[in-house]
Amino acid sequence: MAAALVSCTQASSGGGPGADVPGTSAEPAADRARGAESAGDADRAGREAPTGEDTAVPSPEPALVRDAFATLQATLGETCTPGAGDCAYFLGRVTQELTELDASMRVDSKGPGHFAKPLADMKALFATLGEDRTEAHLEKHFSAIVGTRDGINTWMQDHPDDYR
């Protein structure tokens, strides 16, 4: 009998088995009122939350030169055959990696002067490529793209403090 009394007391006081299950009453209107109250609290909390979210994209930090170079370096073992239809991904990726490395070098704490040679090489490549990133156009400039990538790799190997 005592166990039954404890069980009933826990259930009515919110403790015991099923305590984490929302209560329901015999009156559906009471349940709806509790649900509306909870929804109102959540809505009010959403309106009262700070609205000044920082939407600015953080500027790359010096470590990003290392990271951008690592992703460019990952393309060293890859190639394609111009005219064979297998260059769109490869040349697009190398061009994108060079673009990201360029941006990282420009904001690095060492300053763009430290990266003068690779930045000049990428500037020349980007001037040659223009805005056209079609496969046919990139294939036309295959040697310039791959040559720039390889030249930057060589330069970076002589500057290990920039990528380690």
Let me have the donor-acceptor pairs involving side chains of residues 144-151, under 3.5 Å, with sequence neighbours excluded, atom names and distances please.
residue, atom, partner, partner atom, Å
T148, OG1, A144, O, 2.7
R149, NH1, T75, O, 2.7

Anything under 3.5 Å between a donor and an acceptor, one on a side chain of residues 121-135, the other on a protein residue two or more places apart or in another chain? List them.
residue, atom, partner, partner atom, Å
D121, OD1, K117, NZ, 3.0
D121, OD2, K117, NZ, 3.0
T128, OG1, A124, O, 3.0
D132, OD1, T134, N, 2.9
D132, OD1, T134, OG1, 2.8
R133, NH1, G130, O, 2.6
T134, OG1, H137, N, 3.3
E135, OE2, C87, N, 3.3
E135, OE2, A88, N, 3.2

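Interatomic distance, CD of Q73 versus CZ of R66, reported as 12.5 Å (0.5 Å rounding). Atoms CE and NE2, from M105 and H114 in turn, are 8.0 Å apart once rounded to the nearest 0.5 Å. Taken to the nearest 0.5 Å, the CG atom of L64 stands 9.5 Å off from the CD atom of E100. Separation of atoms CG (L91) and NZ (K140) is listed at 14.0 Å; rounding is to 0.5 Å.
The shortest side-chain heavy-atom distance between N153 and L72 does not fall under the 4.5 Å cut-off. When side chains are defined from C-beta on, L101 does not count as touching F115, because their heavy atoms never get closer than 4.5 Å.
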Does the side chain to side chain contact (heavy atoms under 4.5 Å, CB included) test come out yes or no for V65 and M156, once each step is laid out? CA-CA 10 Å; V65 169; M156 289 293 286; 4.1 Å; yes
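The side-chain contact (heavy atoms from CB on, under 4.5 Å) check on D161 picks up K110, H159, with sequence neighbours excluded. Under the side-chain contact (heavy atoms from CB on, under 4.5 Å) criterion, D86 pairs with C80, T81, A84, sequence neighbours left out. Remark: F142 engages no residue in a ring-ring contact (aromatic ring centres under 6.0 Å, His included) (not counting sequence neighbours).
Residue pairs meeting the disulfide (SG to SG under 2.5 Å) criterion with at least one member in residues 111-164, sequence neighbours excluded, do not occur.
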